[in-house]
Amino acid sequence: MKTPSNLEESGNRCETALAVWLVEAFSKAFGSEADGITLRVQAAADDRFGDFQCNDAMPLARSLKKSPRAIAEAVLAALPAPSYVEKAEIAGPGFINITVKAEWLAAELAAMAAKPLCGIPQSGAGETIILDYSSPNIAKPMHIGHIRSTVIGNALDRMYRALGYKVIADNHLGDWGTQFGVIIMGYRNFLDQAALAADPISELERVYVASYERAREDEAWMDQCRAELVKLQQGDPENRALWESFVELSLGEFERVYRRLGVNFDLHRGESFYNEMLADTVALLEREGLAEESEGALVVRLEDEGLPVCIVRKSDGGYNYATTDIATVRSRVAEFAPGRVIYVTDERQQLHFRQFFTVCAKLGITTQLKHVWFGLMRLPEGTFSTRQGNVIKLEALLDEAVQRARAIIDESDSSMSEVEKSELAAQIGIGAVKYADLSHDPQNMIVFTWDKALALDGNSGPYLQYAHARICSLLDKYSEMVPECEPRSLTMLVEGALERALVLQLLRFPTTVQRAAEACKPSIMADYLFTLCQAYSSFYQQSPVLKADPAVRDSRIALCAYVADILRQGLELLGMAAPPRI
RNA sequence: GCCCCUGUAGCUCAGUAGGAUAGAGCAGCGGACUUCUAAUCCGCAGGUCGCAGGUUCGAAUCUUGCCGGGGGCGCCA
């Protein structure tokens with residue numbers, strides 16, 4: 001039996017220490033007969049069972065032809081428990097339940113919290129990850145369909161950076177599609193200059209929709225759109241200038257939204273950036289014998305992989321999405337040598353990604369390509385189409401969120417200044433929107449309702465922020481009572497079930513970051529933080545801190561300080577603010 | 001027709017590598033603010049984990065079939 005190699009770095013100090021002990025005990029009791037299993041110590045399923053449990057005696061019962069209980073007994077008898085183990089007992093069919101000493105938990109927590117980033121393992125050191133997310137289309141407003149890619153992508157971005165990866169966040173803008181012919185025609189024929197000055201993107205959207213509808217019923221109009229697109233692609237100065245102004249206007253607008261969301265990109269390379277490389281990429285596919293003509297188009301056959309053909313050049317000679325994506329990978333691999341490229345898009349693109357990943361593999365690209373997809377957001381009435389009109393603009397959602405948060409702040413007649421109140425309303429409102437998204441498993445679709453997206457109580461962003469603010473308030477008052485004292489230097493006693501549960505939850509932080517990032521599910525992190533806050537709130541409600549006797553008071557304030565540290569760190573990983581006062 | 005996802009409390013969702021009596025939030029009912037921030041906490045009620053087989057000491061979790069929901073399937077991205 002061997003210690004799982006991931007246990008040591010993955011972070012939970014206590015589970016690792018106990019696993020090391022039990023590995024040795026299993027091996028002493030059964031020698032090589034116990035080699036088949038990977039030992040794991042995990043959190044106890046219920047606090048009545050202790051702090052940790054190990055279930056690995058049970059799977060061995062068959063091969064060893066002994067009862068699981070007898071195996072567990074032999075293991076515990078083989079080696080004395082470490083001094084920090086309070087008790088280790090066998091329960092049920094063969095669970096090994098472990099309770100540890102409070103002093104040990106306190107010391108392990110202090111050691112973890114003293115490390116940089118609260119002990120998040122630096123498992124990504126030396127590896128580059130390119131993270132491709134958000135990717136809105138030029139000349140269209142960002143709507144609630146963009147929020148998932150942006151918010152989930154950004155949380156992954158933050159978690160991977162915390163784990164030591166070199167992350168390159170790249171906003172792969174839709175700036176080169178066939179829509180530009182349609183928009184140019186709309187711009188030339190339907191534009192309202194006043195509206196453009198007032199709200200450029202809405203006006204561009206409007207002329208696009210008008211032109212698109214005209215094209216659907218008017219063949220000649222459609223042909224003209226295609227002609228304008230060809231002119232643009234061939235470098236016609238006038239169309240080129242129009243296109244550049246669309247890009248500039250859109251980027252300005254996007255940047256405003258990203259600032260509100262706290263999202264930053266390292267690169268803004270739209271599809272146009274790779275335009276010059278498309279012909280070369282197709283030529284390479286032909287040279288490698290991967291591409292062939294079919295019905296006038298150039299395609300890569302993927303029948304051996306059980307996938308439909310992938311079109312890399314249309315019968316009209318134009319290139320499409322797959323070509324751009326392949327060229328993009330080649331460019332990124334050549335320039336940045338990433339270990340991974342991760343794409344965050346909606347579920348409808350799964351097949352496309354499987355196809356072009358397969359083509360990349362055929363080209364000998366070994367970089368790990370991963371598609372993180374998420375379910376579409378739907379309205380209660382049913383699916384909404386982004387091509388129809390009934391979209392909710394992202395900014396409108398954010399405005400509404402901030403407004404609702406502001407209403408609650410105003411009710412609570414706080415002594416804050418106007419500036420502080422509006423800053424706080426933004427932090428809470430936008431935190432609520434982000435959390436509503438991040439707290440769901442990405443792969444499930446979200447039914448969008450205002451009340452859920454903007455919830456300010458229960459399992460919500462503000463719940464986490466509120467818990468944090470209350471701790472900050474306690475810490476402030478403590479520093480007034482006991483000046484010059486660093487709470488984290490105080491001795492923790494870890495008394496009672498609530499404190500113990502809280503400490504155990506804090507100790508799970510580093511592992512949780514690792515798990516959430518590797519699974520590409522920020523919801524794992526969100527769920528962790530909610531559980532942490534529930535544990536804290538229960539503790540806070542029933543345990544006086546500042547009013548307790550000094551030794552207890554100091555112990556509790558230390559615990560509070562650690563909760564604040566980890567909560568702040570965790571909120572940061574989700575891209576949420578942690579205001580010190582609410 | 002084929003592929004991917006999904007079905008857990010009235011509603012929205014968790015459920016970590018198969019483990020002990022399936023958990024939260026909201027909504028409902030009942031409690032707790034002259035006491036460290038009540039955007040909070042405590043309690044009650046609420047479940048044939050879609051249905052039927054299989055695998056095993058043990059299945060919400062793995063497997064097969066069926067039913068329901070969502071998405072996709074050569075020139076859109």
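Reminder, nothing fancy here: chain letters follow the sequence lines and each chain counts from 1.
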Distance-only donor-acceptor pairs under 3.5 Å for side chains of residues 548-559 of chain A, two or more places apart:
residue  : atom : partner  : partner atom : Å
A:Asp554 : OD1  : A:Tyr478 : OH           : 2.8
A:Ser555 : OG   : A:Leu493 : N            : 2.8
A:Arg556 : NE   : A:Glu499 : OE2          : 3.1
A:Arg556 : NH1  : A:Pro544 : O            : 2.6

Closest-nucleotide ordering on RNA chain B, the 5'-leading residue of A:Pro59 and A:Cys310:
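First, find each residue's nearest nucleotide; the 5'-ward one identifies A:Pro59.
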Toward the 5' end of RNA chain B, which comes first, A:Gln349 or A:Ile311, by nearest nucleotide?
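First, find each residue's nearest nucleotide; the 5'-ward one identifies A:Ile311.
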Closest nucleotide among [options] to the [X] side chain:
X: A:Ile582; options: B:rA20, B:rA39, B:rA77; value: B:rA39
X: A:Ile428; options: B:rC73, B:rA39, B:rA20; value: B:rA39
X: A:Asp527; options: B:rA14, B:rA17, B:rA38; value: B:rA14
X: A:Asp457; options: B:rG19, B:rA77, B:rA39; value: B:rA39
X: A:Phe95; options: B:rG25, B:rA77, B:rA20; value: B:rA20
X: A:Leu351; options: B:rC41, B:rG70, B:rC73; value: B:rC73
X: A:Arg354; options: B:rC4, B:rC36, B:rG72; value: B:rC4
X: A:Arg581; options: B:rG25, B:rU37, B:rG19; value: B:rU37
X: A:Arg48; options: B:rC75, B:rU21, B:rA24; value: B:rU21
X: A:Arg348; options: B:rG25, B:rG71, B:rG70; value: B:rG71

Is there a side-chain contact between [X] and the phosphate of [N], meaning an N or O under 4.0 Å from OP1 or OP2?
X: A:Lys477; N: B:rU37; value: yes
X: A:Tyr463; N: B:rA38; value: no
X: A:Thr531; N: B:rA24; value: no
X: A:Asn444; N: B:rA14; value: yes
X: A:Arg62; N: B:rC57; value: yes

Between [M] and [N] - [atom1] atom distance, rounded Å:
N: B:rG23; M: B:rG47; atom1: P; value: 14 Å
N: B:rC51; M: B:rU6; atom1: C1'; value: 16 Å
N: B:rA60; M: B:rG7; atom1: C1'; value: 11 Å
N: B:rA17; M: B:rA59; atom1: C1'; value: 14 Å
N: B:rC5; M: B:rC42; atom1: P; value: 38 Å
N: B:rA45; M: B:rG10; atom1: P; value: 15 Å
N: B:rA27; M: B:rA9; atom1: C1'; value: 12 Å
N: B:rG50; M: B:rG68; atom1: C1'; value: 7 Å

Would you find a donor on one side and an acceptor on the other, under 3.5 Å apart, between the side chain of A:Ser439 and the backbone of A:Ser523?
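Between the backbone of A:Ser523 and the side chain of A:Ser439 there is no qualifying donor-acceptor contact (under 3.5 Å).
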Do any N or O atoms from the side chain of A:Thr99 and from the backbone of A:Gly50 form a donor-acceptor pair under 3.5 angstrom?
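No; judged by distance alone, with no hydrogens or angles, the pair does not exist.
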Which is it for A:Ile428 and A:Arg404 under the side-chain contact (heavy atoms from CB on, under 4.5 Å) test, yes or no, and what are the steps along the way?
CA-CA 9 Å; A:Ile428 292 176; A:Arg404 291 197 188 199; over 6 Å; no
With a non-hydrogen cut-off below 4.0 angstrom, is [X] in contact with a base, only sugar-phosphate, or nothing?
X: A:Asn97; answer: base
X: A:Gln53; answer: base
X: A:Ser543; answer: base

SB check A:Asp441 A:Lys521 (cutoff 4.0 Å):
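The answer is yes: the pair qualifies as a salt bridge.
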Under a 4.0 Å threshold between the charged nitrogen and the carboxylate oxygen, would A:Asp437 count as salt-bridged to A:Arg148?
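Yes, A:Arg148 and A:Asp437 are salt-bridged.
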Please set out all donor-acceptor pairs under 3.5 angstrom arising from side-chain atoms of residues 299-316 of chain A, sequence neighbours excluded.
residue  : atom : partner  : partner atom : Å
A:Arg301 : NE   : A:Glu292 : OE2          : 2.9
A:Glu305 : OE2  : A:Lys362 : NZ           : 3.4
A:Asp316 : OD1  : A:Gly318 : N            : 2.8

Considering residues at least two apart in sequence or located in another chain, which fulfil the side-chain contact (heavy atoms from CB on, under 4.5 Å) criterion with A:Phe95?
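Listed in chain order: A:Gln53, A:Asn55, A:Met58, A:Pro93, A:Asn97.
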By side-chain contact (heavy atoms from CB on, under 4.5 Å) - contacts of A:Arg581 (at least two apart):
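Partners of A:Arg581 by the side-chain contact (heavy atoms from CB on, under 4.5 Å) criterion, ordered by chain and then number, come out as A:Ser415, A:Met416, A:Glu420.
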Pairing residues for [X] by the side-chain hydrogen bond (donor to acceptor under 3.5 Å, both in side chains) criterion, not counting sequence neighbours:
X: A:Asp223; result: A:Arg226
X: A:Arg508; result: A:Gln505
X: A:Asp132; result: A:Ser135, A:Arg332

Anything below 3.5 Å on both distances counts as a pair; with that, list the stems of at least three consecutive Watson-Crick or G-U pairs involving RNA chain B.
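In RNA chain B, stems of three or more pairs: B:1-7 with B:67-73, B:10-13 with B:23-26, B:28-32 with B:40-44, B:50-54 with B:62-66.
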Show me the pairs that pass ring pair (Phe, Tyr, Trp, His ring centres under 6.0 Å) and involve residues 43-69 of chain A, at least two apart or across chains.
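Those involving residues 43-69 of chain A do not exist here.
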Going by ring centres under 5.5 Å and near-parallel planes (under 30°), is A:Phe49 stacked on B:rA20?
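One would call A:Phe49 stacked on the B:rA20 base.
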Where along residues 402-412 of chain A does a heavy atom fall under 4.0 Å from RNA chain B?
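Contacting residues: A:Ile408, A:Ile409.
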Stretch residues 465-475 of chain A: residues that reach within less than 4.0 Å of RNA chain B through a heavy atom
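Close to the strand are A:Tyr466, A:Ala469, A:Arg470, A:Ser473, A:Leu474.
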Output the rounded distance in Å from [atom1] ([X]) to [atom2] ([N]).
X: A:Phe374; N: B:rG70; atom1: CZ; atom2: P; answer: 19 Å
X: A:Asp476; N: B:rU37; atom1: CG; atom2: P; answer: 10 Å
X: A:Phe52; N: B:rA20; atom1: CZ; atom2: P; answer: 18 Å
X: A:Asp316; N: B:rC76; atom1: CG; atom2: C1'; answer: 12 Å
X: A:Gln514; N: B:rA17; atom1: CD; atom2: P; answer: 13 Å

With sequence neighbours excluded, residues passing salt bridge (charged side-chain N to carboxylate O under 4.0 Å, His left out) with A:Asp527
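For A:Asp527, no residue satisfies salt bridge (charged side-chain N to carboxylate O under 4.0 Å, His left out) once neighbours in sequence are set aside.
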Using the glycosidic torsion, which applies to B:rC5: syn (within 90° of 0) or anti (everything else)?
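You should classify B:rC5 as anti.
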